[in-house]
Structures are given as C-alpha cells and as structure tokens.
Amino acid sequence: MKDLVVNAITTTLLDLKERGVVRLDGGVPAFSVDPPKQAAHGDFAVNVAMMLSKSEGKPPRALAEMLVAGLVDREDVIERIDIAGPGFLNVILKDRAFHDVVRHVARAGAGWGRSGPTGQKILVEFVSANPTGPVHVGHARGTFVGDAIARLLTASGHDVTREFYVNDFGKQTETLGRTVFKRYRELHGESITLVEGEYPAAYVIDIAKTWVASDGDRWMKASVEEALPRAMEIGIRENLRSIKETLALANIEHDVFSSEAALQASGAVKAVVEAYRARGATYEAAIARGTEDGVRNEASKAAHYEDQQLGGTFLKTSEHGDAEDRIILRKDGTPVYLTADLAYHWQKYQRGFDRIINVFGADHGGHVPRLKAGMALLGLDPKRLDVVLVQIVRLLRDGQEVKVSKRKGTVIELRDLIEEVGADACRFLFLMKTANAQIEFDLAAVERQSKDNPVYYFQYGHARCAAILRKAIEKEQPFAGLDVVSAASLARLTLPEEKLLLKKMSMLPEVVAQAANALEPHRVLYFCQELIAEFHSYYSKYSRTERVISDDLELSQGRLALVAALKATLKSAFAILGVDAPEQMTAAADTDDGAFDDAAEGV
RNA sequence: GCGCCCAUAGCUCAGUUGGAUAGAGCGUCGGUUUCCUAAACCGAAGGUCACAAGUUCGAAUCUUGUUGGGCGCGCCA
C-alpha cells in the first residue's frame, strides 16, 4: 500500500525532471513515506520536498506545490494531497487502495509478510553454550534472540543455516571429566572432595549414574588419566543431550552442531596458522609488539597473569583495528582458544556463506575485534561477519540480585523457566527488548505474572479473530474466503478504524524486511502489539453498534474479510517470531508458587 | 587507566534509521459485560527523553564533552 505512494511520487519526480521543472541532480532521494501519528495528517506523510529543498535551491513548500500540481498517478489511487507544516505531503488514498490489501493477503497466503528467495546463504551461530552443564537462564536471551533472527532471515528469503558451536575441547571439558570421574567413584562408595573450579551441581551426579549404568565398575581401578577420555565423552554426550532437550522445549532446532574437538582433530587449526605464516601475518616474540609502551597498564587484567605469559607466535591483529596483537601459539606450540576460533570462522567463509552472523553474550564482546582482524588477515571481508552482542540479563528475585554460577552450583536452568511459564511466554519475555540494551528480569515477578504474560495479549488477538470467524459459521454466514470476497463487500469497509487496520496490516512485509535488516526481531513483536491494540479498540468501540456479523450480509462479508486478513497477518508474524497462534484460548492454568526454589540448589 | 554498550513515566521497556503534540505494559485512581470471548476496552494522573554545548528547516534519535551504570581489557573458554 505504501508502495503505491512511493511509486506515484517517484514517477512524478521523474516526470518533473523530464519537463525541466526540477534538476534532480542527485537522483531521486531516499524519501520517507510513513503513516503519521495523527489521522488529520492523512494516510501517509511524505518528506521528499524537505529533502530536495537544499539541492534544488527552493523552499520546501514551493517544491511541495510543484509536486502536487504535476502529480502523475498512473494507478489512480490518490484521492488528495495536502501540504502541511514545513512541507510535508499528506497523502490521502482512495478507498480502493485499502481494499486491495485484502487481495494482497489472499494472494500471498502462508507467505504473507515473507520475501521470495534471495539466493543468499547465511549462517547464524547461536546458543553455543559450553557442554559442561545445562542451558541456564543466562543463555536464554541469546538463545531466543538467535532463533528469532534465524527465523526473520528465513522469512526474508535467505537460505539460513542454524549452527551450534560445541566447545568440547580444552581445560573446562577436562575439568568436567575430572568431576564426573569423582562422582563415579563416589557412587561406588568412595568419599571424594571437589576442588575449586570443579562442578558441584547435581546434574554431574546424574551423568555419573548414567556412566555406572553403562560401564559398571569397570573404571574403578583406572587412573584419572586413563579414565578421563571416557569421563569427558560421557559428560559431553549427556550434557549435549540435555541441551538439545531444553532447546526442543523452547521450540528451537539447529541444523548443525559443530565440534571444536573435531576441528582440532582435522588439522584445521594448524592449517590456519600456516596460512597466516604464509601471508607474513605472524611473528615470534616474548611479548606482543607495542604492549611495552603502555597499551596495558597495572589496571589491566593481563597484569595478573603475567607469569603465565611466556611468549610464542603472535598474529598481527592490531593492523586491522584490534588493540594489540594476539598470541595464537604458546611457547610450547599449542594453539589457544582464539586460534581454533579463527580456524572455525575461516571454515565458515570456505563453506560458502555470503553472510556469517554470531549471536554472542556481551561478555564475549572483546573477542570480536580479534576475530574480524583475523579474517581480514586471511584476505577475507570482515564485513561479511556480523556479531550481535546480547547484553547481560540481571536476574533478580523480589528486587534482590541472583548470582548464577555454574561453579557454585547456583544454576537456574532454562528448562525450569520454560516449564514454569511456558515456551511462548518465555520466548516473549526475552524478545520484547532490543538485544543491545541490558535488562533486568525479576524471577518472582515472572512467577506472579505468568498468567498475564504479554504473550497472551497477542495470542488472544489471534484467537478473537478465530472466534469471530467460528461465530459466523454458527450464525450461518460463513466467510466466503479472502480470495473470493466480493468487491462490493470490501467497499463497505468505510469506518476510519477499518481503514487504519488495513493500512497497518499492509506494512507487515516492510516491518519484517526492516527487522531482518537490522537483526532486531522485537520490531515485529511491537508491530503485532500495535495491530492487536487497534483491533481490540475497534472491536470494543463498535460492539453495540457496528458488529462484524449483522443482518447486512454484504457488509458482514466485508468485515469478516477484515478479520480474516488480520488473522492471517498475525499468524504469519507469530510464525516469524516462533510463537504459536492458537485458535482459542484455554483457561489460564493455576501456577504453583516457588517453582524455582529447588532449581537453585547447591551441593 | 583504555575500549564497547546503555541512560526515555513510579517500575519494566518501545520509539518506524532525523519528522509534526514522545508511546505501551505493569502499578495507582475511576468507568465499561442480557450482546461476535472482559486474557478485552475507555478515561485520569504520571516526562527538564541523565546533563551541557554543537550540527539544520526540524534532534529522544547525529557530533563532542560531562555524570552515572553494565561488560570487556588472559598464553581461560
């Protein structure tokens, strides 16, 4: 619908240029066509006259008048254009333009709001929780945001691969293995003590039980070194199984689980180092170049680990915006975490993705410049790599901060949260906010409010549409269908609220495209909220006077078309967000208090 | 100390990439159901958009500075 206005204005501008009325040196500017806040300002407000003022050397209002006078409206959809304020064009459209929205929705079907295939291959990596424990609430935000971004990009016609990077290599995995082995011995009657850094939480005991069930006491005589590979294997396998179960509960599915251990075993890590050497991007040193002259000072964390810094092979990441060069091989020749990650991302490029998106927690923000610099040093375009940083969620319970720590065993699992409030409600809590703002999250409030969670407002909007369509059948006026509803019926949609609803619905494809472009799923959510609010308001206002279903059959069909189009719009938007669109609301279940109480147990 | 992110109603957050009189939910107060679902709607109260300059027709939005908060600054991952 907005396209109609954009086309008419563009055509008019080009025509005026042809006739020498405007110079249009910079081409047609990227003017805005927006629904104004106030109804008095027409259906769409256009700012093109203000934008052209400087380059044309004429006042905006004069340009606006020239545009109106020379308007070329090939599709015959513009009723009137008012000039207002500093030079806005307030466009009023003919009713026909509104009714075409219904045709659009009908034609698009299940693809309404989505775009055709772009051929672009995009990789979205998200969650990537360490397989040393279950998915906890600290991961929840990145998990839902990542999933919604993947859905958005899919809706925009891109070929999306969803990936989970499994850090099944390194010291933390070893620590997990040691803890599992201790618990295994404990189950066979030994008394054990966990040391600082090992995982005290109960889930490790469950892992050990699984191990006992399959291997019995076979490893009781083995040394730690002998048993460790098996302990790590079991630990990672069980944690990964638990992670996948939780993700399934959250309605999230990954296409690829990429293993760091496999990456290491494949030789890819050594290969990336060789590639850097061949490009002259490395050097051997005891300390990173430049760091002597005060890039680091005593306040830097690095100072506390100086004794572990023995030198080795450095990568010249500072040449591409990183604060300092980074080590990629220790003195003994072993690679560091970054080296593996560089190899991993090199592979992402080699796998043929046009765009690579990582959803990281804000605590990994410092990692981004190194990664991008590392890609640049391989001759790859770092702009193809986008990192969405999801800010920390501060967890509160009744206003008091809750510290979540895997090491202390005070983990609140995402699974518990989902079971308490439901997957859709949980998803909503995290998608309502932009990813790059830190938020607070009161668990007690979530427990209390689980019944009036915002998600139900959305779902009720859809269910209400469904209820009206059911009622029409009951009253023997079943809706004919969006594709066959008559022009005469649609012409009966003349109430201002009805036109507003149609106009709003028509914006869905643009909202989705913009949200995908910005990697901001919450935009779709707020669009739905506005649309539903307008609908409830319309419904209530006319519930006594202008009902959807009346004795006027022609009018009823028109209004049912409005309701059906809205239902289709919501259903499509919900699917893009990963939220269920129910046909009817079931009574809110009673929630028992304190569901988190035993989730945070220590050992 | 340095880098990144943030600051909007009592609370939690939006604000259509610079547009006209800054919004929603929750909370408070008051109203609306013989009716297509009240999980809804209507109204009231509530704001120096942290502060100060600057950029221009126009700033919550862009620039700089100040203040306050978060994250990071490791040869951990």
Side-chain angles (χ1 to χ4, degrees), chain A residues 32 34-38 41 45 47 50 53-54 59-60 84-88 90 130 132 167 169-173 260 288 294-306 308-312 314 323-324 326-332 334 336-338 340-341 361-369 389 391-392 394 432-434 436-442 445 449 451-454 456-457 459-461 463-464 467-472 474-475 507 510-511 514 517-518 522-523 525-527 529-530 533 536-541 543-544 547-550 559 563 584-585 587-588:
Chain A
S32 70
D34 290 317
K37 287 171 204 159
Q38 291 175 65
H41 293 157
N47 70 345
M50 276 109 78
S53 175
K54 187 171 274 182
F88 283 104
N90 291 336
N130 279 351
T132 52
N167 292 121
F169 186 89
K171 282 181 190 165
Q172 291 186 15
T173 346
E260 184 187 349
V295 172
R296 291 177 177 170
N297 61 27
E298 293 87 49
S300 164
K301 224 177 161 185
H304 300 146
Y305 295 92
E306 258 172 2
Q308 295 173 23
Q309 297 169 18
L310 307 172
F314 285 85
E324 64 180 60
R326 305 291 165 180
I327 196 154
I328 52 172
L329 292 180
R330 297 186 186 95
K331 196 165 190 180
D332 63 5
T334 56
V336 299
Y337 171 76
L338 174 65
D341 218 23
D363 53 343
H364 285 61
H367 191 62
V368 177
L389 287 182
Q391 294 295 321
I392 298 296
R394 276 184 78 216
M432 295 235 306
K433 291 104 182 183
T434 52
N436 68 348
Q438 58 215 45
I439 56 171
E440 292 184 356
F441 198 102
D442 196 313
Q449 293 172 7
K451 271 187 273 191
D452 41 48
N453 184 290
Y456 299 121
Y457 183 84
Q459 295 186 324
Y460 177 54
R464 181 171 251 183
I468 294 170
L469 292 167
R470 278 197 303 270
K471 196 73 180 180
E474 209 175 284
K475 293 193 174 180
M507 303 294 282
E510 190 190 342
V511 170
Q514 285 186 347
N517 186 47
H522 77 276
R523 294 183 186 216
L525 193 149
Y526 279 90
F527 168 79
Q529 131 83 23
E530 288 164 16
H536 282 317
S537 181
Y538 159 75
Y539 177 93
S540 302
K541 180 174 176 182
S543 65
R544 287 156 198 258
R547 298 167 69 81
V548 174
I549 305 161
S550 66
R559 288 190 175 144
V563 171
Q584 56 189 329
M585 302 301 282

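These numbers come from a predicted model, not from an experiment. So you know, we letter chains A, B, ... as the sequences are listed, proteins then strands, and number each from 1.
- Rounded to whole Å, the distance from CD on A:E530 to P on B:rC13 is 19 Å.
- As rounded to the nearest Å, B:rA14 and B:rU32 have C1' atoms that lie 28 Å from one another.
- Nucleic acid contact for A:A518: base, since at least one base atom lies under 4.0 Å from a heavy atom of the residue.
- Checking B:rC71, B:rA40, B:rU17 against every side-chain atom of A:I392, the shortest atom distance belongs to B:rC71.
- At the heavy-atom level, A:H364 lies under 4.0 Å from base atoms of the strands shown.
- When the P atom is compared between B:rG27 and B:rU34, the two are found 25 Å apart, to the nearest whole Å.
- Residue A:Q584 is classed as a base contact, given a heavy-atom separation below 4.0 Å to a base.
- Spacing between B:rG30 and B:rC36 at atom C1', rounded to whole Å, works out to 28 Å.
- Judged as a salt bridge (charged side-chain N to carboxylate O under 4.0 Å, His left out), and not counting sequence neighbours, the contacts of A:K471 are A:E474.
- Taking the six-membered ring for Trp and thresholds of 30 and 60 degrees, A:Y337 and A:H367 have ring planes inclined between 30 and 60 degrees apart.
- In this structure, A:Q38 reaches the bases: a heavy-atom distance under 4.0 Å links it to at least one base atom across the strands shown.
- Of the candidate nucleotides B:rU17, B:rC36, B:rC76, B:rC36 has the atom nearest to the side chain of A:V548.
- Here the nucleotide nearest the side chain of A:R547, chosen from B:rC41, B:rC35, B:rA14, is B:rC35.
- Checking B:rU21, B:rC5, B:rA77 against the side-chain heavy atoms of A:E260 singles out B:rA77 as nearest.
- In the set B:rU17, B:rA77, B:rC41, B:rC41 carries the atom at the smallest distance from any side-chain atom of A:S540.
- Comparing B:rC36, B:rG15, B:rG72 by their closest approach to the side chain of A:T434 singles out B:rG15.
- Atom C1' of B:rA50 sits at a distance of 16 Å from the matching atom of B:rU61, rounded to the whole Å.
- Which of B:rG72, B:rG19, B:rC13 sits closest to the side chain of A:F88 comes down to B:rG19.
- Residue A:Y457 is classed as a sugar-phosphate contact, given heavy-atom separations below 4.0 Å to backbone atoms only.
- When heavy atoms are screened at a 4.0 angstrom cut-off, A:A467 is found touching base atoms of the nucleic acid.
- Glycosidic torsion of B:rU16 falls outside 90° of 0, placing the base in anti.
- Comparing the same atom, C1', in B:rC5 and in B:rG18 gives a spacing of 22 Å after rounding to whole Å.
- Closest to the side chain of A:N436, from the set B:rC36, B:rC6, B:rG15, is B:rC6.
- Contact annotation for A:Q529: backbone-only contact, meaning every heavy-atom pair under 4.0 Å involves sugar-phosphate atoms and none involves a base.
- Closest contact between the side chain of A:N90 and the listed nucleotides B:rU17, B:rA20, B:rC35 involves B:rA20.
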Query - Dot-bracket notation for RNA chain B, counting Watson-Crick and G-U pairs under 3.5 Å, with | for partners on another strand - result: (((((((..((((.....[...)))).(((((.......))))).....(((((..]....))))))))))))....
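- In this structure, A:I328 atom CD1 and B:rA77 atom C1' are separated by 17 Å, rounded to whole Å.
- With hydrogens and angles ignored, a donor-acceptor pair closer than 3.5 Å exists between the side chain of A:N47 and the base of B:rG19.
- Of the candidates B:rC41, B:rG15, B:rA20, B:rC41 carries the atom nearest the A:H536 side chain, counting heavy atoms from C-beta on.
- B:rG23 and B:rA60 have their P atoms separated by 13 Å, given to the nearest Å.
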Requested in this report: Report, as a single string ordered 5' to 3', how protein heavy atoms within less than 4.0 Å touch nucleotides 54-62 of chain B: B base, S sugar-phosphate only, - not at all.
Outcome: ---B-----
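- Residue A:K171 has a polar side-chain atom (N or O) positioned under 4.0 Å from OP1 or OP2 of B:rC76.
- When the C1' atom is used for both B:rG47 and B:rA9, the distance is 6 Å, rounded to whole Å.
- Distance noted for atom P between B:rC57 and B:rG15: 28 Å (whole Å).
- For the atom pair CZ (A:R326) and CG (A:L338), the distance works out to 8.0 Å, reported to the nearest 0.5 Å.
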